[in-house]
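What you see below is based on every heavy atom in this structure, not just the backbone, and it leaves out hydrogens, waters and symmetry mates. Here is how names work: the chains are called A, B, and so on, in the same order as the sequence lines, proteins then strands, and each is numbered from 1. Bear in mind that the values here come from a model prediction, so they are computed numbers and not experimental data.
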Protein chains: 2
Amino acid sequence: MASPGTDHAAVGASGLAAYAHEVLAVVLSVREGRLCVLLWRRERAPESGRWSLPGGGVAPDQRLREAISTHLAAKVDVRNVSWLEQVATHSRVDRDPRERVLATGYLALVPVDVVPVLPADTEWFDVADLPATAFDHHHFVEAATDRLRAKLSYTNIGFALAPREFTMPVMRDLVSAALGHPVSTTNLTRVMTRRGMVEPTGGTAAPGPHGGRPATVYRFRERTLTVTDPYAVLKPPD
Amino acid sequence: MASPGTDHAAVGASGLAAYAHEVLAVVLSVREGRLCVLLWRRERAPESGRWSLPGGGVAPDQRLREAISTHLAAKVDVRNVSWLEQVATHSRVDRDPRERVLATGYLALVPVDVVPVLPADTEWFDVADLPATAFDHHHFVEAATDRLRAKLSYTNIGFALAPREFTMPVMRDLVSAALGHPVSTTNLTRVMTRRGMVEPTGGTAAPGPHGGRPATVYRFRERTLTVTDPYAVLKPPD
DNA sequence: TCAAAAGTGTTCGGTGTACACCCATGC
DNA sequence: GCATGGGTGTACACCGAACACTTTTGA
């Protein structure tokens, strides 16, 4: 057993001190045109009533990635998670008042067209208008959001936010929600096609109630992460 | 105490399982025109004789960053480290045969002109020609190297590899060693000045023994990490 | 005067942005 | 026909790569 209440860390066969470890997921998705994060309301102390990230402990036979998948399953169907990536490990000594807990945060993405059934204590929150969060969870949200925004620019990570098939106006709304600023459909189309990220399915989408030209339907060529804009500068010679 | 020899993880006041945790540093620097990593030879089992990354445990009152600084001090003077950044946490269950150990890796940089006095068991190794490393340490080296290479393209992180004042031919050698492919001085100069990363000091460097035009001496304008090529695409409108 | 090394000028292709204009639909 | 919304074409600025050419030094 560890020694709660003492300031001696447990020491095992490796001679290294042991610390409680948790995994936290920053689940991001575009909901109603806004980039949102999934938070649940803590029932018990500490920080009871505060909104916090889904997550929890790590079983002895689990890797961190397996652990976060397990905990995510309690909030959203894991099959709905289109992307999962480690972001950072935080270690402030008093980040949890009970004992020292290290926390590894993950970025998880859910496509717009997937509407997971959420437990009663769980809600989506606009990342631009977060409530007070428990512990240091807002730092994780910030880091994960930054990571997503950066990757939207130089990878095809958009596949994890979009439906399997989509029109460019839909994609434009997704990207502009994620980035938090308007994006032009014209140029988004050009960039995504020029980079070979997407291809037309051949179909078109029916126009809205007020008419308009039917939009071309696209799909992502790859549904695994690909760097589409490798390095802007200092490329190797051919 | 933790329970070595049992498969039950210790559980403390938070109700979370505890695991031994170590920090590892991938210290990179350009030595003799090559990007090198600092490794030390393990004296004791497990993996005795194998080359491994500097690092070690985390004291109860230390954050991970403080811990890695402490362990680095045993190998290189911490004042020689011009950059330190967390890269990733690995968690394979059997990555250490003795007991489960989680490991958080850091990227550390040392400028070329700094020649730390190394302990007898410690040497620089070309990252392109690594020896067999202990545990999963080569994964950390790979991730840290990738991180450095990426950041060389869109940030001013070069300041952490270069001397305070340098000429463009020197910088070209550093960048091309770090990236592992030739880089043109002409274009490197253009990119770095165009982005406002560097400024001439006003001085020039004496030519080599065979003559040649004296090179202009530059310094980095900022010695803190700055993103110089913010996002190649999908910029916010003005 | 010549070789060596650094720096400058110029050209070229590509890329992201802006904006005008054209196309397909519902009413 | 007209409003609505989507797509295409064009122009522009800028950037990085390549390469020819000039400048400044040592021998």
Does a nitrogen or oxygen in the side chain of A:Thr185 sit under 4.0 Å from OP1 or OP2 of D:dG7?
-> no
Would you please confirm or rule out a distance under 4.0 Å between OP1 or OP2 of D:dC15 and any side-chain N or O of B:Arg195?
-> no
Salt bridge (Lys or Arg N to Asp or Glu O under 4.0 Å) contacts touching residues 131-146 of chain A (sequence neighbours left out) = A:Arg95-A:Asp136
Base, sugar-phosphate alone, or nothing: which one does A:Thr186 contact when heavy atoms must sit under 4.0 Å apart?
-> base
Per atom distances to the A:Ala215 side chain, the nearest of D:dG16, D:dG6, D:dT25 is D:dG6
Got a sec, which pairs hit side-chain hydrogen bond (donor to acceptor under 3.5 Å, both in side chains) with one end in residues 63-74 of chain B, sequence neighbours left out?
-> B:Gln62-B:Thr70
Counting only side-chain N and O atoms of B:Thr216, is one of them less than 4.0 Å from OP1 or OP2 of C:dG7?
-> yes
Please list, pair by pair, any protein nitrogen or oxygen found under 3.5 Å from a nitrogen or oxygen in nucleotides 3-5 of chain C.
unit_1 : atom_1 : unit_2   : atom_2 : d
C:dA4  : N3     : B:Gly212 : N      : 3.4
C:dA5  : N3     : B:Arg213 : N      : 3.2

Short N/O separations, protein against nucleotides 10-12 of chain D, under 3.5 angstrom:
unit_1 : atom_1 : unit_2   : atom_2 : d
D:dT10 : O4     : A:Arg190 : NH1    : 3.4
D:dT10 : O4     : A:Arg190 : NH2    : 3.0

Any side-chain hydrogen bond (donor to acceptor under 3.5 Å, both in side chains) pairs touching residues 168-177 of chain B, not counting sequence neighbours?
-> B:Arg172-B:Thr185
Taking for each residue the nucleotide of DNA chain D with the nearest heavy atom, is it B:Pro214 or A:Thr189 whose nucleotide lies nearer the 5' end?
-> A:Thr189
Near B:Arg42 CZ, under 6.0 Å, is it more than 12 heavy atoms from other residues, nucleotides or ligands?
-> yes
Sequence neighbours left out, cut at 3.5 Å: what donor-acceptor pairs do the side chains of residues 108-130 of chain A make with other protein atoms?
unit_1   : atom_1 : unit_2   : atom_2 : d
A:Asp126 : OD1    : A:Ala128 : N      : 2.8

